[in-house]
Every structure is written in C-alpha cells, then in structure tokens.
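Notes follow the structure.
We name chains A, B, ... by the order of the sequence lines, and we start the count at 1 in each one.
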Protein chains: 2
Amino acid sequence: MKHKIDESDRIILDHLQNDAATSIHALVDSTGLSSASVQRRLKRLRSDGVIDREVAILDPEAMGQKMTFIVMVELERESLDQLDAFRRKIEKEPHVQQCYYVTGDADFILICLAPDMKAFEELTHRLFFKNQNVRRFHTNVVMSKTKTGLSVPI
Amino acid sequence: MKHKIDESDRIILDHLQNDAATSIHALVDSTGLSSASVQRRLKRLRSDGVIDREVAILDPEAMGQKMTFIVMVELERESLDQLDAFRRKIEKEPHVQQCYYVTGDADFILICLAPDMKAFEELTHRLFFKNQNVRRFHTNVVMSKTKTGLSVPI
DNA sequence: CGTGAAACCAACATCTA
DNA sequence: TAGATGTTGGTTTCACG
C-alpha cells in the first residue's frame with residue numbers, strides 16, 4: 001500500500017507517462033535492473049495504484065471537438081446533497097472533461113469540450129440554466145493550449 | 001490527413017481512451033470487423049494523429065504531489081513576445097500540468113501540482129512574483145477532483 | 001492460421017538493511 | 001529476518017504476416 005518510490009521507480013514512471021508502451025527491455029536498459037526486477041516493480045506500481053491506468057490520448061480537434069471552455073460555477077446552496085447532485089450530473093456529461101471542487105469565489109471549475117459555440121450554449125442550458133442550484137457561472141474560452149496532459153513531476 | 005471517423009473508429013477509440021492496452025481481439029469483437037481491418041484502422045488513427053499518444057496516468061498523491069491549484073494569470077502587457085516568453089517559462093516547469101491561453105479577465109489559466117503549500121508558494125515566486133510582466137494572479141485551491149482525465153466525447 | 005517476439009510467472013540463491 | 005535482486009527457464013499471449 002504505502003509505496004516508497006526510489007530512483008529506479010522514478011525512471012520507470014518517467015518513461016511510462018510519456019509512452020505507456022515502453023518495452024521492458026528499454027526499461028531494463030535505462031534502469032540497469034534485471035528484466036525480472038523491472039517486471040516486479042511494474043506489477044507493484046500498478047497494483048498499488050501509483051500507475052492509475054494506461055490510456056490513449058485523442059486529439060480533440062480530430063474528433064470534431066474544436067473548442068475548449070473553462071467554466072467557473074457558483075452554486076446557490078452548498079449543502080452536501082446539492083454538491084453531490086451537481087457532481088453526479090457532471091459525471092454523466094461527456095463534454096465535461098475535468099471538474100474540480102475548489103476554494104474561493106467559485107465552487108467548481110470545469111473544463112469542457114464542444115464542437116462549436118452552439119453546442120456549448122446548449123451544454124450550458126442543460127447543466128446550468130436549467131439547474132436551480134446554479135447561482136451563476138462564468139466562462140473563459142480557450143484560444144490556445146500551451147500545455148496539456150496529466151504528467152506528474154517526478 | 002483529413003480523417004473521416006466512422007462508427008467503427010468511434011468504437012475503437014472509445015475503448016482505447018479507457019484502456020490503451022485493449023487487445024485487437026477485443027476490438028474485433030466489439031466492432032465486428034476483421035483483425036486485419038482493425039489493425040489497419042489503428043495504424044491510420046495513430047499516423048493521422050487522431051490518437052496523439054498512449055501514456056500511463058500516475059496518481060499525483062502517490063507521487064507526493066498532494067495539492068492541486070488552479071491559477072488565473074493576468075499579464076502586464078500582452079505583446080506577442082511577452083506571451084511567448086511566458087509560455088516558454090511554463091513549458092519548462094514540471095509543476096505546471098496544464099496551461100490554457102484564454103479570453104476574459106485572465107490571460108492564462110494554469111493547473112499546477114505541488115507537494116504542499118510551501119512548495120506552491122515557491123512556485124508562485126519563481127513564476128509570478130519575480131516576473132515583471134505578471135500583473136496579478138489569483139489562485140483556487142482544489143479540494144477534490146470530481147472528474148479528471150482527458151477523455152474526448154465520442 | 002502459424003510463427004516469433006515479448007510479456008508473464010515461478011522458483012531458487014544471494015545480498016543487505 | 002524480511003525484502004529486493006539476478007538468474008534461469010518454461011509458459012502464455014498477442015501482433016502481424
């Protein structure tokens with residue numbers, strides 16, 4: 001459970017979060033460990049949840065999702081029930097890519113994808129305007145993405 | 001280059017963005033296509049950049065990055081040079097996971113990771129306080145992550 | 001459908017903190 | 001003593017032709 005991550009682990013993880021298909025042989029080369037040892041470490045890193053999952057990153061543009069929006073949402077009432085209700089709604093909405101519950105003026109910050117403005121407007125209707133518990137929301141349109149990904153500093 | 005994505009592609013991509021290690025056989029089953037066809041499609045999806053890359057998602061907590069911050073940054077002057085300079089700085093900073101250039105009050109919105117408050121404070125010094133061109137910045141601390149990932153709606 | 005490469009797994013001896 | 005390592009070898013899986 002408690003996983004002490006040493007230098008070799010770091011090397012392995014650094015490779016994998018750039019390319020999940022890195023061969024064991026390549027990891028053997030860069031760590032200096034044996035193949036068996038690398039395999040054991042990999043297994044542990046996965047089962048301990050250090051490696052959460054391995055996924056393909058798709059290009060949103062190519063998938064027709066040409067626009068990205070960052071939305072700050074302020075709720076009317078912040079009871080636990082209301083928060084959960086909102087979360088559940090978000091969970092089911094594929095156009096919301098990320099959702100953070102935060103301190104400060106806003107309650108939630110969302111990152112949304114949509115094919116165009118019209119689609120986004122419809123999304124805001126579904127999620128916010130029709131939702132009594134949303135006091136207000138504020139949208140920033142993304143002009144360009146300087147950095148994406150979910151890389152963790154090693 | 002221009003990639004027309006049909007229903008079978010969608011099925012394939014949907015699987016892969018949940019699990020990059022999905023076997024070709026599994027894709028054959030869910031698409032009804034032949035093994036060869038799935039392989040061809042896969043190859044094209046990759047070379048056309050629809051599949052940008054395949055990566056391991058690490059658990060930030062397990063890596064000692066227990067805190068997440070969302071930072072709105074407003075620049076002093078928005079000349080192209082200034083924007084690029086800022087971008088370059090961000091690019092090199094591993095603790096900045098994502099960076100978006102946006103419309104609205106803020107110029108940039110960042111998502112940052114740090115082990116603790118102290119480390120984040122140091123980050124703000126490096127990136128913002130010491131930077132003449134940053135007029136102001138505003139931080140939201142993430143209390144919980146309702147939704148993470150970079151999944152694209154299919 | 002067959003083939004070869006790679007990943008997987010188990011067993012055992014060694015080393016050391 | 002408990003845990004991690006390297007070696008070996010056998011088995012399985014899977015992509016690819």
field: His138(B): partners by ring-ring contact (aromatic ring centres under 6.0 Å, His included), with sequence neighbours left out
entry: none
task: Extract, from 5' to 3' on DNA chain D, the first and final nucleotides lying under 4.0 angstrom from some heavy atom of chain B.
output: dA15(D) to dC16(D)
query: Which pairs with one or both residues in residues 30-49 of chain B pass ring pair (Phe, Tyr, Trp, His ring centres under 6.0 Å), sequence neighbours excluded?
result: none
- prompt: Can you name the salt bridge (charged side-chain N to carboxylate O under 4.0 Å, His left out) partners of Asp81(A), sequence neighbours left out?
  reply: none
field: Degree of bending in the helix from dC1(C)-dG17(D) to dA17(C)-dT1(D) once both end axes are built from five pairs, to 10°
entry: 30°
message: The criterion is salt bridge (charged side-chain N to carboxylate O under 4.0 Å, His left out); which residues satisfy it with Arg53(A), sequence neighbours excluded?
response: none
Between side-chain atoms of residues 55-65 of chain A and protein atoms elsewhere (two or more places apart, or another chain), which donor-acceptor pairs fall under 3.5 Å?
| residue | atom | partner | partner atom | Å |
| --- | --- | --- | --- | --- |
| Asp59(A) | OD1 | Glu61(A) | N | 3.2 |

message: I'd like to know if the side chain of Lys147(A) reaches the main chain of Glu93(B), judged simply by a donor and an acceptor atom lying under 3.5 Å from each other, with no hydrogens or angles considered.
response: yes
task: Could you run through nucleotides 7-17 of chain C and give me one letter per nucleotide, 5' to 3': B if any protein heavy atom sits under 4.0 Å from the base, S if only the sugar-phosphate is that close, - if neither?
output: SBB-B------
field: Test ring-ring contact (aromatic ring centres under 6.0 Å, His included) applied to Phe86(A) - qualifying residues, sequence neighbours left out
entry: Phe108(A)
message: Suppose the criterion is salt bridge (Lys or Arg N to Asp or Glu O under 4.0 Å): which pairs have a residue in residues 10-29 of chain B, not counting sequence neighbours?
response: Glu7(B)-Arg10(B)
With a 3.5 Å cut-off and sequence neighbours excluded, list the donor-acceptor pairs that the side chains of residues 112-121 of chain A form with protein atoms.
| residue | atom | partner | partner atom | Å |
| --- | --- | --- | --- | --- |
| Asp116(A) | OD1 | Lys118(A) | N | 3.2 |
| Asp116(A) | OD1 | Ala119(A) | N | 2.8 |
| Lys118(A) | NZ | Glu122(A) | OE2 | 3.1 |

- request: Enumerate the residue pairs fulfilling ring pair (Phe, Tyr, Trp, His ring centres under 6.0 Å) with a member in residues 28-63 of chain A, sequence neighbours excluded, ordered by first and then second residue.
  value: none
